[in-house]
Amino acid sequence: SHDHIAMLAQPQVFDAIISTSVDSLHNLFKIFADFQQDCLIKTPMVVLSERIAKVAREYGVQSIIVAKNAKISAVIEAIKIDMMRKTSGK
């Protein structure tokens, strides 16, 4: 419902977003089209390919993490590496 989407559109609701395809990324921004997309743009986004990363950049996503492959272990590893890089200041 629109109420649930509006609630999710609040800043800091998500720690990260995982986008598995260009279509899922388009759909995500379409769902949030009527609401503030700021949370999508500012939330770190894990994507499964450079092609998806390119589209995320076109939407203005500020923090894009590209996993090595589509396995959940690769997604988790990409998030860990990104978190370590941010905490170390690099």
Side-chain angles (χ1 to χ4, degrees):
S1 78
H2 287 305
D3 291 339
H4 289 104
I5 294 170
M7 182 186 72
L8 293 174
Q10 301 303 313
Q12 303 299 321
V13 172
F14 304 110
D15 292 324
I17 298 170
I18 300 172
S19 181
T20 59
S21 69
V22 169
D23 286 340
S24 72
L25 190 58
H26 287 311
N27 288 334
L28 186 62
F29 275 86
K30 184 177 178 181
I31 289 168
F32 280 82
D34 294 335
F35 302 95
Q36 186 177 4
Q37 293 182 352
D38 203 41
C39 68
L40 297 179
I41 292 169
K42 291 184 177 178
T43 302
M45 185 173 293
V46 181
V47 298
L48 305 184
S49 71
E50 285 297 333
R51 188 171 77 103
I52 303 168
K54 180 180 183 279
V55 175
R57 279 191 284 285
E58 290 169 0
Y59 275 113
V61 177
Q62 296 172 358
S63 177
I64 302 167
I65 307 156
V66 182
K68 289 183 181 180
N69 58 56
K71 292 181 181 179
I72 191 66
S73 58
V75 171
I76 292 169
E77 184 66 21
I79 293 169
K80 284 181 183 178
I81 290 169
D82 186 67
M83 287 175 64
M84 288 187 322
R85 183 174 44 234
K86 286 178 181 173
T87 57
S88 70
K90 295 181 181 177

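Just so it is clear, the structure is predicted and the values come from calculations on it, not from any experiment.
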Starting from Met83, can I reach Ile18 by hopping between I/L/V/M/F/W/Y residues whose side chains sit under 4.5 Å apart?
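Hydrophobic grouping puts Ile18 with Met83.
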Within one Ile-Leu-Val-Met-Phe-Trp-Tyr cluster: Met45 and Ile31, side-chain cutoff 4.5 Å:
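Cluster IDs for Met45 and Ile31 match.
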Looking at Val75 and Asn69, what are the two nearest heavy atoms and their distance?
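Here Val75 and Asn69 meet closest at CG2-O, 4.4 Å.
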Measure the CD1-CZ distance between Ile41 and Phe32 for me, rounded to the nearest 0.5 Å.
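It comes to 11.5 Å.
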Rounded to the nearest 0.5 Å, what separation is found between the NZ atom of Lys80 and the OG atom of Ser73?
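OG of Ser73 is found 9.5 Å from NZ of Lys80.
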Matching residue for Ser19 among Leu40, Val47, Asn27, Leu48 - test: side chain to side chain contact (heavy atoms under 4.5 Å, CB included)
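The side chain to side chain contact (heavy atoms under 4.5 Å, CB included) with Ser19 is passed solely by Val47 among Leu40, Val47, Asn27, Leu48.
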Under the rule for side-chain hydrogen bond (donor to acceptor under 3.5 Å, both in side chains), what residues qualify as partners of Lys71, not counting sequence neighbours?
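Partners of Lys71 under the side-chain hydrogen bond (donor to acceptor under 3.5 Å, both in side chains) test: none.
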Hey, can you pull the donor-acceptor pairs under 3.5 Å for the side chains in residues 52-68, sequence neighbours left out?
residue: Lys54; atom: NZ; partner: Glu58; partner atom: OE2; Å: 2.9
residue: Tyr59; atom: OH; partner: His26; partner atom: ND1; Å: 2.8
residue: Ser63; atom: OG; partner: Lys86; partner atom: NZ; Å: 3.4

